[in-house]
There are 2 protein chains.
Amino acid sequence: MGRWEPNARGRLAEAALELYVERGYEETTVAEIAKRAGLTERTFFRHFAHKREVLFAGVGELHDTLTAAVVAAPADAPPIDAVAAALDAAAGMFDGHHERARQRQAVITANPELQERELMKLASLAAALAEALRQRGVAEPAASLAAEAGIAVFKVTFERWINQPDRGELRDIAHFSRESLDALKAVTAGC
Amino acid sequence: MGRWEPNARGRLAEAALELYVERGYEETTVAEIAKRAGLTERTFFRHFAHKREVLFAGVGELHDTLTAAVVAAPADAPPIDAVAAALDAAAGMFDGHHERARQRQAVITANPELQERELMKLASLAAALAEALRQRGVAEPAASLAAEAGIAVFKVTFERWINQPDRGELRDIAHFSRESLDALKAVTAGC
DNA sequence: ACGAGTGATGTCAGTTCCTGTCATCACCCT
DNA sequence: AGGGTGATGACAGGAACTGACATCACTCGT
């Protein structure tokens, strides 16, 4: 299974992120990305369905991590706790990659088309969470709402982790995660 | 301010929805839409920035309705109630347009690119809600979370309203809205 | 060792989305 | 009547994506 220069997909992803950072997403051409990676435009589209997909390659793992954590939660845990456990597990994938995550997020924030794709990713994570909850016996619409609420917490958590002030030690994701979940509970408390 | 055949924008929007329903979004060409509307491709892009924008023309009003309702809520109402009031106001815009909404939603559901745009719309509504809450003095992250939770309720509500069984009287949106909000409160209740 | 097979890449042509530029047309105002 | 204004048409072109086929590096069976 040997071939040419190894890791074409990786080289394309790296070249793309570099160029998106250097000169912006819209202003970067697929031909340029391919050229920097020493490949062809046609080959780029063999590895990534769209120009934007190159930034969203790792979604599958997140998906699996979330689902696995919900399944692994104690059978008698309430839905919101299972979701909280899943978020903690997912958060673990980001610790230690703060700078890279920040760069990627900056590119996405600067471009509406990428923001849309990011939201789609979050929605698909929500759908996966909801499905995992249903398999625990949680009924609708509780499952969907718990999942959506969980993703809302994740969104807020991630944003606060990315944008935390540069001075001092980095706080870890779990810190913001706990904080956000408590805030949600407080805000929706009807009792 | 008179001119050619009136309401070019409206004719384009109508032709687009028809064609999207008839043969699918991807399979419909902007040139075809323009031709059915008796106009030119170039003119289509003068009225709508993208091929998909033609389905998302009314977002501005929703935006305004939500914001106005939050502002109009009693000053001492808790955030979640202000959000609930906003959702009721927004829901009012859909009553009586069930069939049209269903058609539009079917086109969107069938196409990932359109789903992404739909999510972006919801996210921008969430941002508007959050901003309105902040102006009522709600702090972060409570404002963002209340807004996100509200939009989650809206999403679930709308979906259930669209997909309700065809037999019997149509239930109105407010019915599902109340039901969904209660489910969210139940699911996040920590006490 | 050698030839067929396999999978990744290159090449090329073509469609569609979208944009810039300039001409043209219908209507308005003075 | 004639100029101004704003919407539209006509045309050229870039960039995203796709399909079809050739080519290359490597593998495997014999």
Side-chain angles (χ1 to χ4, degrees), chain A residues 1-57 107-108 110-118 120-121, chain B residues 1-57 107-108 110-118 120-121:
Chain A
M1 230 192 263
R3 55 195 68 83
W4 295 257
E5 296 298 317
N7 196 21
R9 188 185 171 89
R11 276 181 294 145
L12 284 167
E14 188 180 0
L17 183 56
E18 285 172 18
L19 284 167
Y20 292 170
V21 168
E22 283 174 24
R23 71 174 76 165
Y25 173 79
E26 296 262 23
E27 292 69 31
T28 301
T29 256
V30 173
E32 292 168 343
I33 298 172
K35 187 175 178 185
R36 179 172 294 199
L39 293 165
T40 299
E41 187 184 357
R42 191 65 185 88
T43 298
F44 177 94
F45 286 110
R46 285 207 184 84
H47 286 279
F48 303 98
H50 309 285
K51 185 185 172 188
R52 54 192 188 290
E53 276 312 291
V54 72
L55 287 173
F56 297 90
V107 172
I108 292 174
N111 192 278
E113 188 179 344
L114 296 175
Q115 290 170 43
E116 292 183 5
R117 184 63 186 75
E118 172 90 342
M120 186 72 168
K121 183 192 77 180
Chain B
M1 227 191 263
R3 57 191 72 81
W4 295 259
E5 297 298 316
N7 196 23
R9 186 185 173 90
R11 275 183 295 145
L12 284 167
E14 189 180 359
L17 183 56
E18 285 173 16
L19 285 167
Y20 292 170
V21 168
E22 283 174 25
R23 72 174 77 164
Y25 172 78
E26 297 262 23
E27 292 69 31
T28 301
T29 253
V30 174
E32 293 168 343
I33 298 171
K35 187 174 178 185
R36 179 172 294 202
L39 293 166
T40 299
E41 187 183 357
R42 189 65 186 87
T43 298
F44 177 94
F45 286 110
R46 285 207 183 85
H47 286 279
F48 303 98
H50 310 284
K51 185 186 171 187
R52 51 196 187 307
E53 276 313 290
V54 72
L55 287 173
F56 297 90
V107 172
I108 292 176
N111 191 278
E113 189 180 342
L114 295 175
Q115 291 171 40
E116 293 184 4
R117 183 63 184 76
E118 171 90 343
M120 186 72 167
K121 182 192 78 179

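All values below come from the heavy atoms of this structure, side chains included, with hydrogens, waters and symmetry mates left out. Just so we're on the same page: letters track the sequence lines, and every chain starts at 1.
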Does a side-chain N-to-carboxylate-O contact under 4.0 Å join [X] and [Y]?
{"X": "A:E116", "Y": "A:R52", "result": "no"}
{"X": "B:E53", "Y": "B:R117", "result": "yes"}
{"X": "A:E113", "Y": "A:K51", "result": "no"}
{"X": "A:K121", "Y": "A:E118", "result": "yes"}

*asked:* Below the 4.0 Å mark, does C:dC17 have OP1 or OP2 next to a side-chain nitrogen or oxygen of B:T29?
replied: yes
*Can you check whether B:H50 has a side-chain N or O nearer than 4.0 Å to OP1 or OP2 of C:dC18?*
yes
*B:A31 near the nucleic acid: base, sugar-phosphate alone, or nothing, with a heavy-atom cut-off under 4.0 Å?*
nothing
*Base, sugar-phosphate alone, or nothing: which one does B:T40 contact when heavy atoms must sit under 4.0 Å apart?*
sugar-phosphate
Gap between atoms [atom1] and [atom2], on [X] and [N] respectively (whole Å):
{"X": "B:E32", "N": "C:dT16", "atom1": "CD", "atom2": "P", "answer": "8 Å"}
{"X": "A:R42", "N": "D:dA20", "atom1": "CZ", "atom2": "C1'", "answer": "9 Å"}
{"X": "A:Y25", "N": "D:dA15", "atom1": "OH", "atom2": "P", "answer": "14 Å"}
{"X": "A:L39", "N": "C:dT11", "atom1": "CG", "atom2": "P", "answer": "11 Å"}
{"X": "B:K51", "N": "D:dA16", "atom1": "NZ", "atom2": "P", "answer": "17 Å"}
{"X": "A:H47", "N": "C:dG7", "atom1": "NE2", "atom2": "C1'", "answer": "11 Å"}
{"X": "B:F45", "N": "D:dA10", "atom1": "CZ", "atom2": "P", "answer": "17 Å"}
{"X": "A:E41", "N": "D:dT18", "atom1": "CD", "atom2": "P", "answer": "11 Å"}

_Out of the candidates A:E41, A:E22, A:E14, only one should pair with A:R36 under the salt bridge (charged side-chain N to carboxylate O under 4.0 Å, His left out) rule; please name it._
A:E22
*Shortest non-hydrogen contact from B:L55 toward B:L114*: CD1-CD1, 3.8 Å
Output one line per pair: protein atom, nucleotide atom from nucleotides 22-24 of chain D, and distance, for all N/O pairs under 3.5 Å.
none

*Roughly how far apart are A:L12 CG and A:N7 CG, rounded to 0.5 Å?*
9.0 Å
